[in-house]
Structure formats: structure tokens, C-alpha cells
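Structure first, commentary second.
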Amino acid sequence: LPDAGCARAGGVLMVANDRLHTVEAGSSARAVGRMLGVLFPDAVTVLDVTYGNGRFWDGSADVQVTGLDILPDRAPDVCGDFTALPFLDGAVDLVIFDPPYLTDMSKSNPGRMGARFGSFASIGQLRAAVQQGCREAWRVSRIGVIVKVQNYGHASVSVRMTRWVEEIFPHDAYGEVHLARSNKIQDRKWRDQLSVHSNSATFLAYRHGDQRHIR
């Protein structure tokens with residue numbers, strides 16, 4: 001007999017599972033851990049090039065993490081810029097990074113989001129940094145790369161960060177996960193809503209070599 005984790009739909013037995021899906025909920029660390037287990041089970045060494053507060057890591061991922069950040073007080077291992085990594089080609093198995101996405105924030109009053117995540121002067125500068133970060137991540141990785149970005153609206157214009165990433169890598173993504181957030185940070189300066197507010201981020205995974213999914 002089906003247990004509490006099973007149900008029938010159209011005569012088909014539906015079994016609840018804990019598989020990795022294209023749309024996930026929960027923390028970034030949970031999403032990263034599951035992507036490593038499914039898409040990069042052969043990765044041992046990981047370089048996190050935008051370490052920040054270490055929110056990609058909760059101790060569940062069975063990898064050796066080196067944390068890099070441009071701010072010395074947030075860099076647990078190496079202080080550096082993700083657009084110019086101080087590592088040799090193929091130095092680590094996997095590179096993961098979560099580039100900033102905010103632009104043209106006031107330096108005197110950056111608001112809640114700008115104060116937390118930092119800001120680039122323009123969309124053009126942001127795009128150049130993200131794409132250079134992708135090139136560097138690909139260069140120093142031996143097995144692959146995971147990039148976390150998001151598509152959003154800014155100044156009445158659609159910003160497609162996933163497209164920027166796709167332009168750099170030599171083939172389609174090996175895997176793609178959209179992480180939905182139930183609570184989105186709101187800035188007090190936001191009043192009228194003129195577009196759909198993004199409450200999700202996209203993790204794009206790329207592997208060197210053959211893109212076939214095999215055991």
C-alpha cells in the first residue's frame with residue numbers, strides 16, 4: 001500500500017522524493033550542496049570567489065572550500081578580485097561565484113540593498129565584470145563552474161544576466177536551477193510597482209568537456 005509519501009494521479013503512482021529539480025526552495029547552501037552532489041560528484045576542491053558571509057556553505061557539502069573575497073575582512077583564505085583570480089589554470093576542481101547585480105546606487109545613501117551587496121556604476125560595467133568573472137572561473141577550474149545570477153528590471157529596463165553568462169561559456173549549461181525566495185528584501189525607496197519584481201536567482205552549471213549526463 002502507498003505510504004504517506006505517495007499519491008495516485010491519473011492511475012500513476014506518484015512517489016515523493018528529494019530529487020534536484022529546476023525550481024528549488026530553501027537556502028543557497030542547500031541548492032549548492034545538491035547541485036554538487038548531482039552535477040559535480042567528482043569535485044573535491046572548490047574555490048568560492050565571492051565568499052562574502054559564506055552563505056553557500058553550511059557544512060553539508062563534502063568538498064574542500066577556499067574562500068576568496070575582494071574585502072579583506074570577508075576573505076577567509078585569499079583576498080582577491082573575481083575578475084583577476086590569483087590562481088593558475090586548472091588550479092581547482094570547481095569555481096563558484098555570485099557576482100553583485102546592483103548598479104548606479106547613491107554613494108551617500110545606497111539604501112538597504114546597496115549597503116549590503118555593493119554596486120557598480122553602470123549596467124555596462126556590471127556586465128563586463130560578470131563576463132570577465134566567467135572567463136576567469138573557466139580558466140582556473142578543472143571540472144566546471146557554477147554561476148549564480150538573476151534577471152531583473154532596473155530603471156524600466158530588463159536586465160538579463162543569464163544571457164551575459166551564456167555568451168561566455170563554449171556550450172549550453174550542464175544544469176540550471178532556479179532558487180525561489182519566499183521573502184524578498186524591500187527598500188523603503190521603492191513605492192510604485194512598474195514591473196514584475198524578481199524573487200528568484202538562477203544557478204547555471206557548466207562542465208569542461210563532454211556535456212552528456214552519465215554515472
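All values reported here derive from a predicted model rather than from experimental measurement.
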Next item on the list: Evaluate salt bridge (charged side-chain N to carboxylate O under 4.0 Å, His left out) for R127 paired with E167, printing each intermediate quantity in order.
Entry: CA-CA 11 Å; R127 178 174 182 168; E167 289 174 353; 2.8 Å; yes

Next item on the list: Starting from the C-alpha separation in whole Å, work towards a yes-or-no answer on side-chain contact (heavy atoms from CB on, under 4.5 Å) for V165 and V130.
Entry: CA-CA 7 Å; V165 174; V130 170; 4.2 Å; yes

Checklist line | CA sep, side-chain torsions, deciding dist, call: V140, L88, side-chain contact (heavy atoms from CB on, under 4.5 Å) | finding: CA-CA 6 Å; V140 305; L88 298 175; over 6 Å; no

Check: Hey, mind stepping through L94 and L47 against side-chain contact (heavy atoms from CB on, under 4.5 Å) and telling me if it holds?
Finding: CA-CA 6 Å; L94 182 81; L47 173 63; over 6 Å; no

Next item on the list: Please report the C-alpha distance between T22 and E176 in whole Å, then the side-chain angles of each, then the deciding distance to 0.1 Å, and finally whether the side-chain contact (heavy atoms from CB on, under 4.5 Å) criterion is met.
Entry: CA-CA 6 Å; T22 55; E176 180 175 328; over 6 Å; no

Item checked: R142/D89 under salt bridge (charged side-chain N to carboxylate O under 4.0 Å, His left out): CA gap, chis, key distance, verdict -> CA-CA 8 Å; R142 183 181 67 85; D89 296 359; over 6 Å; no

Checklist line | Worked verdict on N151 versus T162 for side chain to side chain donor-acceptor pair (under 3.5 Å) | finding: CA-CA 7 Å; N151 300 320; T162 54; 3.1 Å; yes

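More than 12 heavy atoms of other residues, nucleotides or ligands shown are found within 6.0 angstrom of CG on D210. Taking a 6.0 Å sphere around CG of L71, one finds it holds more than 12 heavy atoms contributed by other residues, nucleotides or ligands. Remark: R163 CZ is loosely packed, at most 12 non-hydrogen atoms of other residues, nucleotides or ligands lying under 6.0 Å away. Around atom CG of D77, more than 12 heavy atoms belonging to other residues, nucleotides or ligands sit under 6.0 Å away.
Between R139 and E136 there is a salt bridge, with a side-chain nitrogen of the basic residue lying less than 4.0 Å from a carboxylate oxygen of the acidic one.
Looking only at side-chain heavy atoms (C-beta outward), D93 and F40 stay at 4.5 Å or farther from each other. Side-chain contact between V63 and L36: present, with at least one pair of heavy atoms (C-beta onward) separated by less than 4.5 Å. Using a 4.5 Å heavy-atom threshold, the side chains of I168 and R135 count as touching. In this structure the side chain of V49 never reaches within 4.5 angstrom of the side chain of I96, judged on heavy atoms. Under the 4.5 Å side-chain criterion, counting only non-hydrogen atoms from C-beta, Q64 is in contact with V44. A heavy-atom distance below 4.5 Å is not found between the side chains of R55 and S27. Taking 4.5 Å as the limit, every side-chain heavy atom of T66 sits out of range of all side-chain heavy atoms of D48. Using a 4.5 Å heavy-atom threshold, the side chains of P99 and V149 count as touching.
Heavy-atom minimum distance, L204 versus A173: CD2-CB, 4.3 Å. Nearest heavy-atom pair across A205 and L39 is CB-CD1, 3.8 Å. For the pair A61 and G33, the tightest heavy-atom approach, listed with the atom from each and the gap, is CB-CA, 4.4 Å. For S200 against A180, the heavy-atom pair with the smallest separation is CB-CA, 4.2 Å. For L179 against A31, the heavy-atom pair with the smallest separation is CD1-CB, 4.3 Å. The two atoms that bring L85 and A137 nearest to each other are CD1-N, 4.2 Å, heavy atoms only.
Using modelled atom types, one side-chain atom of H213 and one backbone atom of Y174 make a donor-acceptor pair closer than 3.5 Å. Side chain of D69 to main chain of G52: a donor-acceptor pair is present (N/O by atom type, distance under 3.5 Å, no hydrogens or angles). Side-chain N or O atoms of Q131 include none that pairs as donor or acceptor with a backbone N or O of A129 at under 3.5 Å.
By the salt bridge (Lys or Arg N to Asp or Glu O under 4.0 Å) test, E24 is found to be paired with R30, R34, residues two or more places apart in sequence or in another chain being considered. By the salt bridge (Lys or Arg N to Asp or Glu O under 4.0 Å) test, D42 is found to be paired with R207, residues two or more places apart in sequence or in another chain being considered.
A distance of 11.0 Å separates OG in S28 from CH2 in W57, rounded to the nearest 0.5 Å. One finds the CG atom of D172 at 8.5 Å from the CD atom of Q211 (value rounded to the nearest 0.5 Å). Once rounded to the nearest 0.5 Å, the distance linking OG1 of T50 with CG of L68 reads 8.5 Å.
Within the 6.0 Å centre-distance limit, the rings of F169 and Y206 are counted as a close aromatic pair. A centroid separation of 6.0 Å or more is found between the aromatic rings of F203 and H178.
With 3.5 Å as the limit, one finds no donor-acceptor pair spanning the side chains of K148 and T202.
Note on I70: it does not cluster hydrophobically with F87, by side-chain heavy-atom contacts below 4.5 Å among ILVMFWY residues.
Between F97 and the choices Y51, F56, F82, the ring pair (Phe, Tyr, Trp, His ring centres under 6.0 Å) rule is met once, by F82.
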